[in-house]
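Convention: sequence-line order gives letters A, B, ...; per-chain numbering from 1.
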2 protein chains.
Amino acid sequence: MDKPNSEQFESTEQRIFEAAHELFTLKGMAGAKMQEIADRAGINKALLHYYYRSKEKLFEAVVKAVIRKVMPKFLQILESELPLLEKLEHFVDTYIDVIRQNPFVPLFVISEMNKHPDRFFDEIVPKDLPRLDFFYKQVEEAVATGLIRPVAPRHLVINAFSLCVFPIIARPMARIILGISAEEMNQFLDERKKEVKSFLLHAIRP
Amino acid sequence: MDKPNSEQFESTEQRIFEAAHELFTLKGMAGAKMQEIADRAGINKALLHYYYRSKEKLFEAVVKAVIRKVMPKFLQILESELPLLEKLEHFVDTYIDVIRQNPFVPLFVISEMNKHPDRFFDEIVPKDLPRLDFFYKQVEEAVATGLIRPVAPRHLVINAFSLCVFPIIARPMARIILGISAEEMNQFLDERKKEVKSFLLHAIRP
DNA sequence: CCCAAAATTAACCAAACGGTTAAATTATAT
DNA sequence: ATATAATTTAACCGTTTGGTTAATTTTGGG
């Protein structure tokens, strides 16, 4: 007999993980309840403890997976072989796209990192994260050849991240600051890729 | 007889509010517990319900006070009579200062706004928030006179906010991205005011 | 000094929570 | 087919949580 359930093709463990991912990113560790996760996964609550021993373990699994998947992705763009200006444009385009598709993930990561900084540095963040050595060198060379004005490479990185991430994760706050409707806000975010690229490149031109 | 307690000069209601403010901003609504708040305020748990009827009411009181105090402050800087470029520098200086002194408040506001957007727009955000009409006009004039290159005023506002706020609220994440120690991160944030001002002004120069 | 109102507390309660257990069901290999 | 292991469930347990109650203490005005 077939089960009456809908998603037959993922394993129970996967279903649990996805439900947990959804609710943890939406409500945080304390806000998401085990029963809720079980309901969303369409299984009994005891199964959560069968596959993941405790709430903390389940939470850690989600956080670890998110970080290990997302973090290297963007550092790799910065470490790629593209010319500096193209690279910055590519970074903005792909980063804004991904964050708009998963708007809750970055805020979740930032929040939980602030609540338990030690855990992250000790256990969760992968030790083999790409360093930005190549990118830094590239910036210094661009400064030396006069392609761009003198800028501190580390600040450039953080500025690029800030301009991409913040308006999306702080979307309701931005709406209030600008005093615009939800539709206007959507339009505003649609303009962002172009505006951020322009802003970044103008900021570093010689 | 004097009470053995330390802060004699604030009312009980104030003490409760401050304890709640501290714990809510630190742990969020779900993460902060009523007993914890009572302990920190040095009073019996029932007093929380005596002064504020429920956890939600207490939470709302804190959120409302924070927003009503912080939000107009910065919009007013943008609406002040200063010349545009000085105004932007002043904005960056004061904003970065305030956020570094209360690093958890903006993340708290952003998080809770994302969790309950409706409540904020309906109940919490003051209806008389300053509009940025004067600032927008000022930017357009500066563009017309050639003081700055053509920029979309609303994007300029959000860019300024992003560059100031994000590195501070995402401090642990920034540390990981940059791969630097806690002390280096402090130094990095110390450099921020100068760097952001420079970055902003270079980005909009003609 | 007295008394009514306000402030504060200890004890308690029901619901929600994370977690466990033992039994039942399903899958797997022989 | 059958025995064994893996999976799933219903029922339960102790603790924590937000909230209440009734009694006690403190306060302030007449």
So A32(B), base contact, sugar-phosphate only, or nothing? Heavy-atom distance under 4.0 Å.
sugar-phosphate
With heavy atoms under 4.0 Å as the rule, sort Y51(B) into base, sugar-phosphate or nothing.
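Sugar-phosphate, backbone atoms only, no base.
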Within the pair T12(A) and dT8(D), is there a side-chain N or O less than 4.0 Å away from OP1 or OP2?
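Yes.
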Rounded to whole angstrom units, what separation is found between the [atom1] atom of [X] and the [atom2] atom of [N]?
X      : N       : atom1 : atom2 : answer
D39(A) : dA10(D) : CG    : P     : 12 Å
I37(B) : dG18(D) : CD1   : P     : 8 Å
K57(B) : dG18(D) : NZ    : P     : 16 Å
L47(B) : dT21(D) : CG    : C1'   : 14 Å
K45(A) : dC17(C) : NZ    : C1'   : 7 Å
Q35(B) : dT15(D) : CD    : P     : 17 Å
L48(B) : dT17(D) : CG    : P     : 14 Å
N44(B) : dA22(D) : CG    : P     : 16 Å

Would you give me the side-chain donor-acceptor pairs under 3.5 Å for residues 102-113 of chain B, sequence neighbours excluded?
from    : atom 1 : to      : atom 2 : distance (Å)
S111(B) : OG     : S111(A) : OG     : 3.3
S111(B) : OG     : L107(B) : O      : 2.9
E112(B) : OE2    : M29(B)  : N      : 3.4

Counting only distance, no hydrogens or angles, is the base of dG19(C) paired donor-acceptor with the side chain of K55(A) under 3.5 Å?
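Not at all, since no donor on one side and acceptor on the other fall under 3.5 Å apart.
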Under-3.5 Å donor-acceptor pair between K33(A) side chain and dG18(C) base
no
Check the surroundings of atom CZ in R100(B): do more than 12 heavy atoms from other residues, nucleotides or ligands lie under 6.0 Å from it?
yes
Using a cut-off of 6.0 Å, state whether more than 12 heavy atoms not belonging to R53(B) lie near its atom CZ.
no
Among dT21(C), dG19(C), dT9(C), which nucleotide has an atom closest to any side-chain atom of H49(A)?
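Out of dT21(C), dG19(C), dT9(C), the nucleotide with an atom closest to H49(A)'s side chain is dG19(C).
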In terms of side-chain heavy atoms of Y50(A), which of dT20(D), dT9(C), dT7(D) is nearest?
dT7(D)
May I ask you to check if R175(B) and F121(A) form a cation-pi contact, with NZ or CZ under 6.0 angstrom from the six-membered ring centre and within 45° of the axis?
yes
Classify the ring geometry of F166(A) against F166(B): parallel below 30°, tilted from 30° to 60°, perpendicular beyond 60°.
perpendicular
